[in-house]
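Quick note on labels: first sequence line is chain A, next is B, and so on, each numbered from 1. Quick note: numbers below take in every heavy atom, side chains included, and nothing from hydrogens, waters or symmetry partners.
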Amino acid sequence: MLRINCPHCGEREHSEFTYGEDANRSLPATDASLETWNEYVYQRDNVAGEHMEYWHHALGCRTWLKVQRNTLTHEISWVGLPHDMPPSQTEAQS
Amino acid sequence: MSGFRHGAGRLGDKEIAFSFDGRNLAAREGDTVASALVANGIEVVGRSFKYHRARGVTSCGPEETGALVTIGHGATAEPNARATMQLVTPGMEVSSQNCWPSPKLDLLSLNNVIGSILPGSPFAAGFYYKTFMWPAKFWYSFYEPTIRRAAGMGKVPTDADPDVYDRVNSFTDVAIVGGGSAGLSAALSAAQSGLRVVLMDEHAEFGGQLLNEAVNQGNLELEQWRLDTIAALEAADNVTLLRKTICWGRFDGNTLAAHEIVDGKVRHNYHKIQAKKVIIAAGAIERPLVFANNDKPGVMLASGARKMLNHYGVAAGKTMVVFTNNDSAYQTAFDYHDQGVTVSAVVDSRQKPSAQLLAACMERGIPVQTQSVVTKAKGWHGVRSVAVADLAANGQSVGQTRSIACDVLAHSGGWTPQVQMAAHGGTPPIYDNQIAAFVVDQQAEDTWSVAGAEGEFGLHAGIDQAVAAAQAACQALGASGGDISKPTQDIAGELNIQPLWRVPAKGKQLIDIQHDVTSADIVQSHLEGFVSVEHMKRYTTLGMANDQGRTSNVNALAIMAQCQGQSIAETGTTRFRSPIAPVSMGGIGGRELGEHFKPLRRTPMQEWHERRGAVFVETGLFRRAQYYPLAGETIDDAYVRETAHVRSKVAMCDVSTLGKIEIVGPDAAEFLNRVYINMFSTLPVNKARYGVMLREDGIVFDDGTTSRLAEDRYFMTTTTAKAGPALAHMERCLEIDWPELKVRVSSISERWAAMAVAGPQARATLQKAFPAMDFSNEGFPFMGVVHGEHNGATLRVLRLSFSGEMAYEVYTEADHGEAVWQHIMDAGADFDIIPYGLEALGALRIEKGHVTGAELDGRVTLGDVNMEGMASKKKWFVGKNLMQREGLQDAERPRLVGLKAVNPNEAIQTGSILVTEANAGAGADKQGWVSSMTYSPELNNYIALGFLRDGPNRHGEKIYAAYPLKGINVEVEVVSSHFVDPSNDRVKG
Ligand SMILES: [Zn+2]
């Protein structure tokens with residue numbers, strides 16, 4: 001079982017969560033082109049390695065979480081709220 | 001093998017009675033079924049899977065391949081129990097399997113003869129696949145019944161199992177898998193840290209290979225160390241000891257799955273153990289050697305024969321021959337000899353066993369035949385002699401055979417570390433030439449493999465590894481594991497093995513004894529082109545039986561590597577998967593059986609419906625009232641009556657299952673404008689509006705009604721099925737896409753009871769029930785919301801209609817639901833009110849042309865359900881962009897229509913295909929489908945909703961609803977989906 005450390009609830013097993021989606025995309029402008037929207041809705045990278053994704057703590061606090069998971073090892077290296085960033089990326093930006 | 005009770009072993013002398021195939025036998029307390037059968041001189045315990053070869057006890061552990069028995073009878077019978085893992089209990093009934101009429105005289109063993117004459121016989125490698133190549137009728141008439149009787153193991157009970165099984169969830173700091181010398185040492189070291197420790201072992205007694213050691217031959221210090229260590233662990237509060245518990249899988253995050261045989265009030269426990277650190281001390285399993293008839297009763301693994309004698313006090317036979325390719329089996333010869341059993345020879349395939357071993361044999365007068373092999377075990381039911389021959393120096397051939405009489409052959413082909421638990425983490429095992437077996441080199445940050453499981457067979461060296469791992473695990477958790485004192489006596493770990501994968505001689509050489517897979521089958525699968533070990537495994541079914549390849553895997557890989565002319569390392573091993581041992585379905589199911597299989601959601605009025613005699617239907621986790629039959633009524637009678645009653649008088653339906661979501665905050669209106677296709681910011685307070693949501697891809701997601709309770713507060717209802725997904729969708733939008741919106745959404749589904757009161761007398765009924773509220777058309781118009789109170793219950797009444805009649809939805813707190821429901825029923829008595837169920841609700845909405853999940857099936861667009869006009873052009877909403885896609889705007893798309901059977905009494909089948917010609921075949925032009933149907937009492941006609949290409953422009957056309965699977969062809973007229981009151985006057989009256 002994956003264990004996800006929810007910022008609100010602490011470490012819980014993954015059966016409480018629902019996988020949401022790839023967290024590497026952001027909503028296009030409402031008037032963006034059909035191609036842009038198509039890209040947003042349908043195109044995903046199939047990453048082998050570190051992947052940022054959204055999980056919903058559906059049977060817990062019901063918060064949507066951002067989870068950094070290694071798709072090869074299932075190791076979860078970071079969990080935050082949707083608009084947080086992992087410390088490594090925060091440092092890189094500052 | 002003619003075994004007998006010989007000495008005390010570790011068991012006391014308390015006798016218990018049990019039976020085998022109806023014979024009453026004596027066992028000692030602590031005996032397994034296997035040791036008790038051998039003690040009673042029973043050689044043949046059952047027959048094999050395919051060939052019905054006689055089988056006896058081959059080991060004393062989980063690797064047992066021969067003695068599979070059925071325990072008990074009737075509903076609680078357990079087939080395929082490994083006799084070596086099952087303790088005898090007083091009065092236990094044990095039966096042999098796969099033999100008729102008896103294990104000694106088995107008529108189905110004819111398969112054995114056929115199988116050896118014809119290489120293409122039904123039971124050779126790949127027989128499952130090849131038999132399917134026969135004509136299909138052969139399968140049903142001949143193969144299926146014949147093979148079913150001839151092959152397979154035991155019989156599954158057909159009655160429901162009355163026993164209780166349970167599930168245990170636990171958390172621990174350090175979990176130790178395997179309770180031999182290494183596991184005990186690791187546990188004792190970790191216990192001193194104060195951390196929580198779990199130690200589990202599949203046997204009833206902790207000790208592992210220590211239990212193979214004699215207790216009456218100067219090994220008392222070793223035995224005392226074992227007992228002292230167990231006692232120290234028993235005394236520690238922070239240690240949990242699980243006996244008869246097999247850890248069968250290790251999953252992400254060190255979640256362990258284990259199966260415990262309790263045999264108390266609960267039969268089995270399924271443990272889910274969340275461990276921070278795991279130490280794998282699962283030990284190693286002895287491998288058989290591969291020679292002809294190596295499955296004959298009397299052929300035992302040397303370690304099993306040794307434990308049989310030293311632990312259970314049972315000699316496996318009167319005269320023993322030992323056959324080995326390594327050092328470890330010599331100790332079996334010594335122990336049997338030293339306890340007075342004749343050992344006629346040690347047959348060693350190696351040219352030069354160590355001088356030390358040879359001297360020890362010489363001292364005892366045991367002849368050693370080096371560079372020699374057993375080519376065949378001989379005897380009718382059990383071994384009576386073995387054929388022995390010199391092995392050529394190149395190992396490719398044998399010389400003349402000579403015969404040695406014996407009734408037990410103890411053999412050893414080396415040792416296979418139990419790497420499954422380590423390999424479950426994803427680390428592939430690697431081949432170690434030193435021990436001729438696969439090991440997992442795993443000393444990860446949260447998992448350690450130690451001792452036998454890691455290929456280290458020495459006693460002291462294994463304990464040192466185990467303690468080092470325990471200390472590392474404790475340290476990683478911020479604590480410190482202690483030191484332990486080792487026993488003075490060491491046991492050497494060097495095998496000095498020289499692999500002998502297969503004796504180069506003729507005869508049936510079993511690799512996987514349980515599945516009757518022979519060395520010839522492996523060679524045949526190679527000749528037929530199976531290159532990958534994974535394919536060979538599936539083709540031959542090797543390693544798929546109870547022992548999960550423990551004894552067969554390495555031997556098979558070695559033979560395959562020889563065929564391919566490459567090293568074993570290059571051939572590799574199959575992937576290790578859980579469960580690594582048989583696990584009862586009862587254990588996995590636990591108490592989640594029958595009505596506890598899933599949770600039951602009850603509406604606040606559930607008991608009222610039960611008292612009223614409703615028939616219920618499962619919808620998701622709810623059990624909803626489907627109809628309320630009067631005496632003698634069928635379901636069709638009842639729903640037609642209830643439907644007509646709504647249209648003529650008044651009736652009430654429990655709609656508490658609807659999803660109810662409160663949306664609160666200053667940006668609530670803007671939020672709803674974005675998630676709904678239509679405008680909600682313009683909705684006045686105390687008004688309701690029907691709304692539709694799309695998915696991002698432009699497909700219809702859900703519909704429902706939302707009312708505005710205040711400027712910043714809305715009350716949304718969703719369909720029953722989409723209550724969860726709709727809430728999750730809105731939460732996602734708010735948290736991920738639009739964090740700037742100040743809005744909260746909360747599910748209040750469980751807090752509110754809901755009831756729909758519908759029919760021409762609905763207003764009169766509610767006015768009488770709640771006289772303080774104004775139900776007049778002026779005071780409470782269609783789509784209005786009115787608030788009230790009744791006996792302390794809050795009333796929120798919405799004037800909405802799903803049925804097409806004048807109707808109201810009454811909401812109240814769940815606690816008051818039944819009282820308010822009863823109050824309305826009482827008030828409505830004057831107007832002849834009745835309850836109506838889900839079936840009538842469905843008929844009413846089809847008559848009215850309202851869509852539900854049957855239509856909104858995740859494939860339809862707004863246009864498909866004739867709702868494109870509802871989409872606001874003044875604002876953006878979710879799905880607006882991609883709904884513009886060419887394919888979704890295609891004029892050729894099937895659109896919602898009503899369908900009316902031309903013959904009013906001919907039912908239209910849901911799922912029918914719409915075609916223009918009668919009796920259409922597969923090549924017909926399929927123009928649409930039927931999504932839902934009902935009998936309409938209003939029209940006295942069967943009607944349906946469906947999707948038809950260009951449907952709205954084809955009203956009046958007659959087409960066919962075809963259901964070729966059932967040969968149904970119904971002529972239907974295309975009509976508007978609004979069968980009843982298309983101008984919608986009734987709801988507004
Ligand atoms: Zn949470």
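Residue Ala23(A): no heavy atom, backbone or side chain, is found under 4.5 Å from chain B. Proximity to chain A (any heavy atom under 4.5 Å) is shown, for Leu734(B), by neither the backbone nor the side chain. With a threshold of 4.5 angstrom between heavy atoms, Ser33(A) does not approach chain B through any atom at all.
Side-chain contact between Phe251(B) and Met1(A) is absent, with no heavy-atom pair separated by less than 4.5 Å. Within the 4.5 Å cutoff, the side chain of Glu731(B) has heavy atoms near those of the His56(A) side chain. Using a 4.5 Å heavy-atom threshold, the side chains of Leu81(A) and Glu735(B) count as separate.
With chain A as the partner, the residue from Lys880(B), Arg885(B), Arg695(B) showing the most heavy-atom pairs under 4.5 Å is Arg885(B). Considering only heavy-atom pairs separated by less than 4.5 Å from chain B, the leading option among Thr30(A), Val41(A), Leu27(A) is Thr30(A). Ranking His74(A), Glu21(A), Arg3(A) against chain B, the residue ahead of the rest is Arg3(A), based on heavy-atom pairs under 4.5 Å.
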Practice task
Report the C-alpha separation of His14(A) and Asp252(B) in whole Å, then their side-chain angles, then the decisive distance to 0.1 Å, and conclude whether the side-chain contact (heavy atoms from CB on, under 4.5 Å) test is met.
Solution key: CA-CA 10 Å; His14(A) 81 240; Asp252(B) 289 324; 6.0 Å; no
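Taking 4.0 Å as the cut-off between side-chain N and carboxylate O, Arg25(A) and Glu696(B) count as a salt-bridged pair. Salt bridge annotation for Glu13(A)-Lys272(B): present, with a cationic side-chain nitrogen under 4.0 angstrom from a carboxylate oxygen.
Dense packing is recorded around CG of Asp890(B), with more than 12 heavy atoms of other residues, nucleotides or ligands lying under 6.0 Å away. Residue-environment remark: CD (Gln43(A)) exceeds the threshold of 12 foreign heavy atoms within 6.0 Å. The number of heavy-atom neighbours closer than 6.0 Å to CG of Asn169(B), taken from other residues, nucleotides and ligands shown, is above 12.
Nearest heavy atom pair, residue Leu34(A) against residue Leu882(B), reads CD1-CD2, 3.8 Å. Closest approach of Pro739(B) and His83(A) over heavy atoms only: CG-NE2, 3.3 Å.
To the nearest 0.5 Å, the span separating OH on Tyr42(A) from CG on Asp697(B) amounts to 4.0 Å. To the nearest 0.5 Å, atom CG of residue Asp737(B) and atom OG of residue Ser26(A) are 9.0 Å apart.
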